[in-house]
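Only this structure's heavy atoms are used, side chains among them; waters, hydrogens and symmetry mates stay out.
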Amino acid sequence: RTFKNVVNFKLLSAQIPYVPHNVYGDSLNASSTNVLIFNSTNIIIEEGYYTIYTLINTINNKLSASGISATLTFDNVSKFITITAGGGVSITTNPLFKRLGFIQNTSGTTITATNIPDLSIHFIDIVYSNINPRAATQTTDDGNILKRIPLNGQPGDMIYYDTPHSDYISQELFNPDINSNIPNIELQFKRNDGSPYNFKGLHYDLKIEITELVEPSLLNELASHMRRDRERFLDNEGS
């Protein structure tokens, strides 16, 4: 049924599987998340779980098979990746290159990453659309994150999350209006890089609380009084 005069929409708890893939074949900003571009050639990395060493070995093997004379190395002291190519090479940054620490398009015989590589998935954002009022507790560009679930575990674990009590009671109530009826609920799950989180058929569980106002006229009256008091305050120049 349609939820009417909704004044709050909260996530109470979640069980999210930590999918054991840290290289994944999805799309982010029209770019594939498992592709590296060398000299305008796509090097495709199969989905799976990689350490920094196994990923670099895989990339080097694919570069050699593609006839590209470039090699990646990982410095155990500085923790940065360097690309070495005797004849020079150009790279086009995309989601996977950025995760390896390369943040801009560049070329040369020696290219060292700007950032330390990070293959981990730090959190999952539960994103909702077409729902008003917005009860998100995270500040984002679009403001529609219902909850951010930290993946405090290892790939393959089940992540159990309960909304802290202080977080639960601090969420605002919203005045119901013409847009506060919810006929359906659509949720998306996104990784910390913004790409869609693929559950790969694994099960997840969410417990959501939706609060409807039985008698909206009372809240409308309160809002009217608040507007009146504010206007009086401004008319009296804050005194």
Side-chain angles (χ1 to χ4, degrees), residues 1-19 26-30 121-153 157-239:
R1 67 177 180 85
T2 297
F3 295 97
K4 297 182 178 180
N5 301 318
V6 175
V7 293
N8 228 322
F9 184 85
K10 302 179 182 180
L11 178 74
L12 300 182
S13 63
Q15 297 179 27
I16 304 291
Y18 195 149
V19 176
D26 295 301
S27 179
L28 176 62
N29 299 326
I121 303 174
H122 298 282
F123 56 80
I124 298 298
D125 282 337
I126 301 177
V127 181
Y128 62 93
S129 59
N130 301 324
I131 292 180
N132 184 293
R134 291 180 170 181
T137 58
Q138 301 291 333
T139 300
T140 62
D141 291 338
D142 51 17
N144 62 343
I145 295 179
L146 176 63
K147 190 61 62 179
R148 175 164 291 172
I149 309 297
L151 294 187
N152 297 326
D157 289 350
M158 178 65 76
I159 305 301
Y160 297 92
Y161 176 85
D162 290 308
T163 300
H165 180 67
S166 59
D167 186 3
Y168 172 81
I169 63 176
S170 67
Q171 295 185 49
E172 296 182 48
L173 292 175
F174 296 81
N175 294 339
D177 56 30
I178 192 172
N179 297 314
S180 65
N181 297 333
I182 304 177
N184 55 70
I185 298 171
E186 179 181 344
L187 298 176
Q188 297 177 329
F189 300 83
K190 294 186 177 181
R191 303 182 184 93
N192 51 278
D193 64 359
S195 62
Y197 188 72
N198 192 331
F199 287 92
K200 297 296 182 182
L202 299 177
H203 295 288
Y204 65 92
D205 181 76
L206 305 177
K207 182 180 290 185
I208 294 173
E209 176 185 281
I210 301 175
T211 305
E212 295 176 297
L213 191 65
V214 177
E215 181 47 73
S217 60
L218 297 178
L219 192 57
N220 291 335
E221 183 178 354
L222 176 61
S224 176
H225 290 171
M226 292 174 64
R227 287 193 297 270
R228 180 198 61 195
D229 293 342
R230 182 176 182 275
E231 291 170 357
R232 289 178 179 177
F233 179 80
L234 295 176
D235 291 341
N236 293 327
E237 297 181 349
S239 62

Chemist: Among Asn198, Asn192, Asp193, which residue meets the side chain to side chain donor-acceptor pair (under 3.5 Å) test with Ser195?
Modeler: Asp193
Chemist: Side chain of Glu212, backbone of Lys4: donor and acceptor closer than 3.5 Å?
Modeler: yes
Chemist: Kindly determine whether Asp205 and His203 satisfy side-chain contact (heavy atoms from CB on, under 4.5 Å), including the steps that lead there.
Modeler: CA-CA 7 Å; Asp205 181 76; His203 295 288; over 6 Å; no
Chemist: Can a donor-acceptor pair be found, under 3.5 Å and without considering hydrogens, that links the side chain of Arg191 to the backbone of Pro196?
Modeler: yes
Chemist: Look up atom CD1 in Ile126 and atom CG in Leu206, then write down how far apart they are to the nearest 0.5 Å.
Modeler: 5.0 Å
Chemist: Per the side chain to side chain contact (heavy atoms under 4.5 Å, CB included) rule, which among Asp162, Ile208, Leu187 passes with Leu11?
Modeler: Ile208
Chemist: So Phe189 and Asp125, side-chain contact (heavy atoms from CB on, under 4.5 Å) or not? Walk me through it.
Modeler: CA-CA 6 Å; Phe189 300 83; Asp125 282 337; over 6 Å; no
Chemist: Using modelled atom types and a 3.5 Å cut-off, is there a donor and acceptor pairing between side-chain atoms of Tyr197 and backbone atoms of Val19?
Modeler: yes
Chemist: Can we call the ring centroids of Phe3 and Phe9 under 6.0 Å apart?
Modeler: no
Chemist: Would you indicate whether the side-chain heavy atoms of Tyr160 and Ser13 approach each other to under 4.5 Å?
Modeler: no
Chemist: Do you know the tightest heavy-atom contact between Pro17 and Gln15?
Modeler: CD-O, 4.0 Å
Chemist: To the nearest 0.5 Å, how far apart are OH in Tyr128 and NZ in Lys147?
Modeler: 10.5 Å
Chemist: Where is the tightest heavy-atom contact between Tyr18 and Ile121, given as atom of each residue plus distance?
Modeler: OH-O, 3.5 Å
Chemist: Should the heavy atoms of other residues, nucleotides or ligands under 6.0 Å from OH of Tyr204 be counted, would the total exceed 12?
Modeler: no
Chemist: Could you tell me which non-hydrogen atom of Ala14 sits nearest to which non-hydrogen atom of Ile149, and how far apart they are?
Modeler: CB-CD1, 4.4 Å
Chemist: Can any side-chain N or O of Asn181 pair as donor or acceptor with the backbone N or O of Asn5 at less than 3.5 Å?
Modeler: yes
Chemist: Within a 6.0 Å radius of atom CG on Asn29, are there more than 12 heavy atoms belonging to other residues, nucleotides or ligands?
Modeler: no
